[in-house]
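First up is the structure itself, then whatever we jot down about it.
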Amino acid sequence: MAGHSPSPHKPRRKVKAASGPSNLSHSTSVESSGRAPSFPLAAFFWPARGSASQWEILPIILMVVGLFRWAAGLWGYSGFEKPPLFGDYEAQRHWMEITTHLPITQWYFHDLQWWGLDYPPLTAYHSWLCGKIGSLIDPSWFALYKSRGIHDPTLKIFMRGTVIVSEYLVYIPAVVIFVRRYSRLSGVTSWSAWISLAAILMQPATILIDHIHFQYNTVMLGFVVASMSSMLAGRYLWSAVFFVAALGFKQMALYYAFPVFAFLLGSCFSPRINVLRLIRIALVTVIAFAILVSPFVIGAYNDWKQGIRSKPTPLPLFQGLAAYLDLEAFYYPIVEQLVQMIHRVFPFARGLFEDKVANFWCALNVVVRIKHLPAELLQRLSLIATLASIVPPNVILLFRPRKELLPLAFATTAWGFFLFSYQVHEKSVLLPLAPMTLLLAGSQGLSKEIRAWVGFANILGCWTMFPLLQRVDLRVPYAVLTLLWAYLLGLPPTSFSVYSLDGQASFKKIVTALIHGSFYLVMAMWHVLEHNLQPPSDKPDLWVVANVGVGAAGFALCYVWCFTRLVLQSDILPKALMGKKTKTKTN
């Protein structure tokens, strides 16, 4: 870990603090110096920098972030009074409806045209539990068929409550524990860790999508963070279990599968070979997946045993497999159930992308019409490009399974998936943003450079989701939450202090300021034009397309920054080259 230059400020008094580098500045610890806090969120925590107990600070943070979440939920949601299919809110409510009224073997088959279940089993179990609880309050909320499109205000309160309770049971405890472990690993003071925790929990994108637009992404993200936290603690079996839970809740957790695999495999061979650990991790993973799908297996078997089954239908996937199976055997309904589940969870037939999203393929489609190319060709191109972007960072993690590299490896891989993989949605940007934002809790996480890049990624991510949000009249919460977070961390457009040179001008700092400044300027101009000018009649999607192009370019820069930082921190480059880079950086 790199050392720090001596502080030009003489400390007023000596304060006992955790050893290791500061998290707030390249040169001096704000906690132990007479300097004023450099951004508003640090100022809010300033009175607690001396002796405040964690049992005083943590409840305040949790209450404040909870208040913001509940206040945000007072706004509308996806699909409010927008027939015929309404939106994500109706999808989640409908899954509670079908899971509480239908046998488990029908969950992935029932009326697929009306928000058919297309998430993994743990989401279905979560929907069942929420639906059962809601039905105790008002059975009409989830009446089969009759409740479709319902907009009961009391139901809205219940649904908002399920998001908050789910988040406080999974995501928030996982983030709290991760920040504590990661900050200690990085030698960060407790006071700085509290600031990082508040910044992470106030991340605007997750609040906008889960608590306003409406989804349960933070449950999946919480399991992923719990998996990362278990890696930090050396509890590799629990890490595998938590990651299976993340995959079992949302298939998008596959964005993180490569770094999970690389780190756990690398930990079995470094610093020494541990075959027993590898076998135990593999067994626990298989057992966890088996437990996850066992209710569907048992349900299909019981239906067969009782003679409750419809006429066998062709498998939606792996059609050639039917030639080797006995359609009347007890195992065929089980195979049919599992294949249907895979078919629903991984909809390859939908194409490379459905909507305009700020990734490479959608941006390229503006210049070269690739969407009309054969689906098989697009799938191969997507696979090649995705592997090319995600293999290098995971090779590094495999050979350098260092715990401090986890957020960078997860973020780099997730950016690669978001930019190049198949069937990406606007909301998928939450996946690279989550681990990248966790960098705030690490070494120099609140320094200007990391705050600038983490802030840039988050604000750009919210900006690219604006077309999605404005379709359901969510302009105001978008502006309020994004600008509030920018203000708290001293970021543009509320402040440009993260780009001040402080008498230490360097080519890297100047280039970063120019690049980020140009993006912020373009984003601001885009909002002005989008609000005041109607696009030409022959180009109705002009502003959305411009959003896609700018967003894809900015996310590509985020990928490059994360990957470059991962390479440098891993020490995987030859020592001579690393020494040259360090010397250049020092100069």
Side-chain angles (χ1 to χ4, degrees), residues 2 4-5 21-30 35-43 186 188 192 195-200 202-205 407-408 411-412 414-415 429 432-464 481-524 550-551 553-569 584-585:
H4 298 271
S5 59
S22 164
N23 196 29
L24 282 171
S25 171
H26 289 295
S27 59
T28 183
S29 171
V30 174
R35 293 178 61 177
S38 55
F39 52 95
L41 188 58
S186 305
V188 172
S192 298
I195 299 173
S196 304
L197 176 64
I200 293 166
M202 285 295 292
Q203 186 185 17
L408 279 172
T412 307
W415 280 125
V429 76
L433 288 180
M436 191 171 179
T437 307
L438 293 176
L439 291 172
L440 295 173
S443 176
Q444 296 194 10
L446 297 178
S447 65
K448 289 182 177 180
E449 180 189 1
I450 295 182
R451 266 193 299 132
W453 276 101
V454 171
F456 172 73
N458 274 277
I459 293 171
L460 182 64
C462 291
W463 182 75
T464 59
L481 290 171
T482 305
L483 292 176
L484 173 64
W485 197 75
Y487 165 75
L488 291 174
L489 291 179
L491 300 168
T494 62
S495 170
F496 288 85
S497 61
V498 289
Y499 302 109
S500 61
L501 300 179
D502 295 334
Q504 299 179 1
S506 69
F507 178 75
K508 182 170 126 180
K509 289 181 179 179
I510 294 173
V511 170
T512 299
L514 290 174
I515 291 175
H516 287 188
S518 63
F519 271 90
Y520 283 120
L521 179 61
V522 169
M523 285 189 277
V550 174
F555 293 149
L557 289 175
C558 293
Y559 169 85
V560 172
W561 182 80
C562 290
F563 181 61
T564 303
R565 197 170 181 88
L566 176 65
V567 171
L568 295 176
Q569 291 190 7
T584 303
K585 182 178 178 181

State, with a plain yes or no, whether a side-chain heavy atom of L491 is found less than 4.5 Å away from one of F39. no
Please work out which of the three classes, parallel, tilted or perpendicular, describes the rings of Y520 and F496, given edges at 30° and 60°. perpendicular
Below 4.5 Å, heavy atoms only, C-beta onward: do V429 and C462 meet side chain to side chain? no
Out of the candidates L433, L481, L483, L484, only one should pair with P204 under the side-chain contact (heavy atoms from CB on, under 4.5 Å) rule; please name it. L481
Considering non-hydrogen atoms only, spot the tightest contact between S38 and R451 and give its length. OG-NH2, 4.0 Å
Roughly how far apart are L439 CG and Q444 CD, rounded to 0.5 Å? 12.0 Å
Supply the atom-to-atom distance I459 CD1 to T482 OG1, rounded to the nearest 0.5 angstrom. 7.5 Å
Give, for atom CG of L557 and atom OG1 of T512, the distance between the pair rounded to the nearest 0.5 Å. 10.0 Å
Could you go through the side-chain contact (heavy atoms from CB on, under 4.5 Å) check for Q569 and S443 one step at a time? CA-CA 11 Å; Q569 291 190 7; S443 176; over 6 Å; no
Working to the nearest 0.5 angstrom, can you tell me the gap between S192 OG and L440 CG? 11.5 Å
Which value, rounded to the nearest 0.5 Å, describes the distance between M202 atom CE and L41 atom CG? 9.0 Å
Do you know which two heavy atoms are closest between W415 and A457, and how far apart they sit? CZ2-CB, 4.1 Å
Write down the atom of P492, the atom of A486, and the distance for their closest heavy-atom approach. O-CB, 3.6 Å
So which heavy atom on Q203 is nearest to which on T437, and how close? NE2-OG1, 3.2 Å
Assess, by modelled atom type and distance only, whether the side chains of S500 and K448 contain a donor and an acceptor separated by less than 3.5 Å. yes
With rounding to the nearest 0.5 angstrom, report the CG to CG distance, L489 to L446. 7.5 Å
Within the 4.5 Å heavy-atom criterion, are W453 and R565 side-chain neighbours or not? no
Of W463, W561, F519, Y499, which meets ring pair (Phe, Tyr, Trp, His ring centres under 6.0 Å) against F456? F519
Determine the minimum heavy-atom distance between S186 and G442, stating which atoms define it. OG-CA, 3.7 Å
